[in-house]
Student: 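Got a structure for you, written out below as structure tokens; questions coming shortly.
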Amino acid sequence: MISIPGTLSVYNPQTRLTMFESGPENSTTSVIFLGGLLDGYHAVPYLPILGRALALRGVSLIQVMLSSSNIGYGTSSLLQDTQELDILFAFLREERAKTRLFVIGHSTGCQQIIFHSHHGLHKSAVQGIILQGPVSDREFMASSVDMYGKYLRLAQRMILDGKGQELMVREVDSAPITAYRFNSLASVGGDDDMFSSDLSLETMQTIYSQIQAPALWLHCGSDEYVPSHVDKQKLITQMAAACPTTLATVQLPEADHAVSDPASQVLLCEAVLEFVWRVISDLDAFEKSQEASFNELSL
């Protein structure tokens, strides 16, 4: 059982969306966790150990509820996620005096991070991004969903008929899902199609081109959501090469998608802490050099 003490707050009064902060709430530095499909609070087992490790360094951990959390993903979109994340970032900076924000995405949370880097109004608020378990929904669905092709054709026909925001038949998914979102997840070139092994390096470079913050890639060696035919090492190498701000790539050899293995959780925490402190050190050095240059000009 996952148990994490903290404070629940409303960050979006209009929709009553909430955030859960653990660790030192007065810290000006926070790591924001974004889960994947079907995820809500306490989504993955490494959050308690990560939260404790961050707290020892004076950094808080923030978990977030979006409209797409839990079973809401089927009637939401990456664009809606981006709009809600902008509200969250503005709240954290203006109401909580947070000056340094890092975002860790798990699974579809990685797509949310990359989409926000293209379309977010407050993308400059993010000092670093961590992509844990980036996988292709399309490739997983193609290999595991019965009648995948039938449902994809149905979704695309509904979109052509102007019914993209209407719900598909109930049998398609465990959550209510619109034709648009199913197509986004399941089709080549859909909004969610960012990590498929058949994407060219040039396509990935276009998808990742707007990422401005330093990036840490965390890949799971035993990720059950990566089909067996995929060359994991080649895909990992290509993702890191396509991202213009890749600072480090770390593989967790024994980790499954959610990093359930305790030893892998320790490795994950070490990688995250090293990344965060490296970025903070670089930011501090840059700010000091800027201050020195300003002082010289003032003389």
Side-chain angles (χ1 to χ4, degrees), residues 2 31-47 50 61-82 84-85 102-117 126 129-145 173-175 177 181-182 184-187 190-197 199 204 207-208 211 215-228 230 232 235-236 239-240 243 249-252 254-261 264-265 267-269 271-272:
I2 300 178
V31 173
I32 300 165
F33 174 82
L34 304 177
L37 302 184
L38 293 173
D39 286 342
Y41 286 135
H42 303 356
V44 290
Y46 62 76
L47 288 177
L50 177 61
L61 174 66
I62 298 175
Q63 300 178 58
V64 182
M65 290 293 286
L66 302 171
S67 296
S68 60
S69 300
N70 298 315
I71 64 169
Y73 66 88
T75 53
S76 188
S77 65
L78 292 175
L79 179 58
Q80 185 170 349
D81 292 336
T82 287
E84 292 172 357
L85 287 173
F102 294 80
V103 186
I104 177 168
H106 161 70
S107 196
T108 309
C110 297
Q111 282 114 278
Q112 293 171 339
I113 288 175
I114 292 176
F115 197 90
H116 187 272
S117 74
V126 178
I129 62 173
I130 302 157
L131 301 116
Q132 185 270 304
V135 296
S136 168
D137 292 290
R138 168 166 66 84
E139 290 183 323
F140 176 74
M141 293 168 73
S143 64
S144 63
V145 176
D173 197 13
S174 59
I177 190 165
R181 192 61 196 268
F182 188 89
S184 177
L185 291 165
S187 70
D191 286 344
D192 283 272
D193 190 19
M194 302 182 185
F195 309 118
S196 297
S197 62
L199 296 177
M204 282 190 176
I207 293 171
Y208 308 158
I211 298 176
L216 167 64
W217 297 81
L218 291 174
H219 296 280
C220 303
S222 299
D223 197 320
E224 66 274 23
Y225 287 94
V226 179
S228 58
V230 172
K232 292 183 181 179
L235 179 59
I236 290 168
M239 285 180 185
C243 176
T249 299
V250 175
Q251 294 190 57
L252 309 173
E254 305 302 321
D256 61 8
H257 190 56
V259 194
S260 304
D261 171 55
S264 298
Q265 293 175 13
L267 294 176
L268 179 147
C269 289
V272 170

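When a residue number appears, it is its place in the shown sequence, counting from 1.
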Student: Who pairs with Ser69 by side chain to side chain contact (heavy atoms under 4.5 Å, CB included), at least two apart in sequence or on another chain?
Tutor: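 Testing Ser69 for side chain to side chain contact (heavy atoms under 4.5 Å, CB included), a comparison that skips the adjacent residues, returns Met65, Leu66.
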
Student: Under the side-chain hydrogen bond (donor to acceptor under 3.5 Å, both in side chains) rule, collect the residues that match up with Gln251, sequence neighbours excluded.
Tutor: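 Per chain and number, Gln251 pairs via side-chain hydrogen bond (donor to acceptor under 3.5 Å, both in side chains) with Gln233.
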
Student: Please walk me through it: do Gln112 and Ser68 pass side chain to side chain contact (heavy atoms under 4.5 Å, CB included)?
Tutor: CA-CA 11 Å; Gln112 293 171 339; Ser68 60; 3.6 Å; yes

Student: Is any side-chain heavy atom of Leu79 closer than 4.5 Å to a side-chain heavy atom of Asp191?
Tutor: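 A side-chain contact under 4.5 Å is absent here.
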
Student: Quick one: side-chain hydrogen bond (donor to acceptor under 3.5 Å, both in side chains) partners of Tyr225, sequence neighbours excluded?
Tutor: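 Testing Tyr225 for side-chain hydrogen bond (donor to acceptor under 3.5 Å, both in side chains), a comparison that skips the adjacent residues, returns none.
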
Student: Mind checking what makes side chain to side chain contact (heavy atoms under 4.5 Å, CB included) contact with Ser107, not counting sequence neighbours?
Tutor: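 Per chain and number, Ser107 pairs via side chain to side chain contact (heavy atoms under 4.5 Å, CB included) with Val135, His257.
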
Student: Taking only residues two or more places apart in sequence, or in another chain, which ones meet Gln111 in a side-chain hydrogen bond (donor to acceptor under 3.5 Å, both in side chains)?
Tutor: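 Gln111 satisfies side-chain hydrogen bond (donor to acceptor under 3.5 Å, both in side chains) with Asp137, Asp192 once adjacent residues are dropped.
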
Student: Taking only residues two or more places apart in sequence or in another chain, which ones pass side chain to side chain contact (heavy atoms under 4.5 Å, CB included) with Asp256?
Tutor: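 Checked Asp256 against side chain to side chain contact (heavy atoms under 4.5 Å, CB included); matches are Glu224, Ala258, Ser260.
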
Student: Under the salt bridge (charged side-chain N to carboxylate O under 4.0 Å, His left out) test, which residues partner Asp81, sequence neighbours left out?
Tutor: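 Asp81 satisfies salt bridge (charged side-chain N to carboxylate O under 4.0 Å, His left out) with no other residue.
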
Student: Got a sec, which residues hit side-chain hydrogen bond (donor to acceptor under 3.5 Å, both in side chains) with Asn70, two or more places apart in sequence or on another chain?
Tutor: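 Asn70 satisfies side-chain hydrogen bond (donor to acceptor under 3.5 Å, both in side chains) with no residue once adjacent residues are dropped.
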
Student: Does the side chain of Thr75 reach to within under 4.5 Å of the side chain of Gln80, using non-hydrogen atoms?
Tutor: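 They are not in side-chain contact.
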
Student: Ser196: what forms a side chain to side chain contact (heavy atoms under 4.5 Å, CB included) with it, not counting sequence neighbours?
Tutor: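 Ser196 satisfies side chain to side chain contact (heavy atoms under 4.5 Å, CB included) with Ser136, Arg138, Glu139, Asp193, Asp198, Leu199 only.
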
Student: Anything under 30° is parallel, anything over 60° is perpendicular, the rest tilted; go ahead and classify Phe195 against Tyr208.
Tutor: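 The arrangement is tilted - the two ring planes meet at 30° to 60°.
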
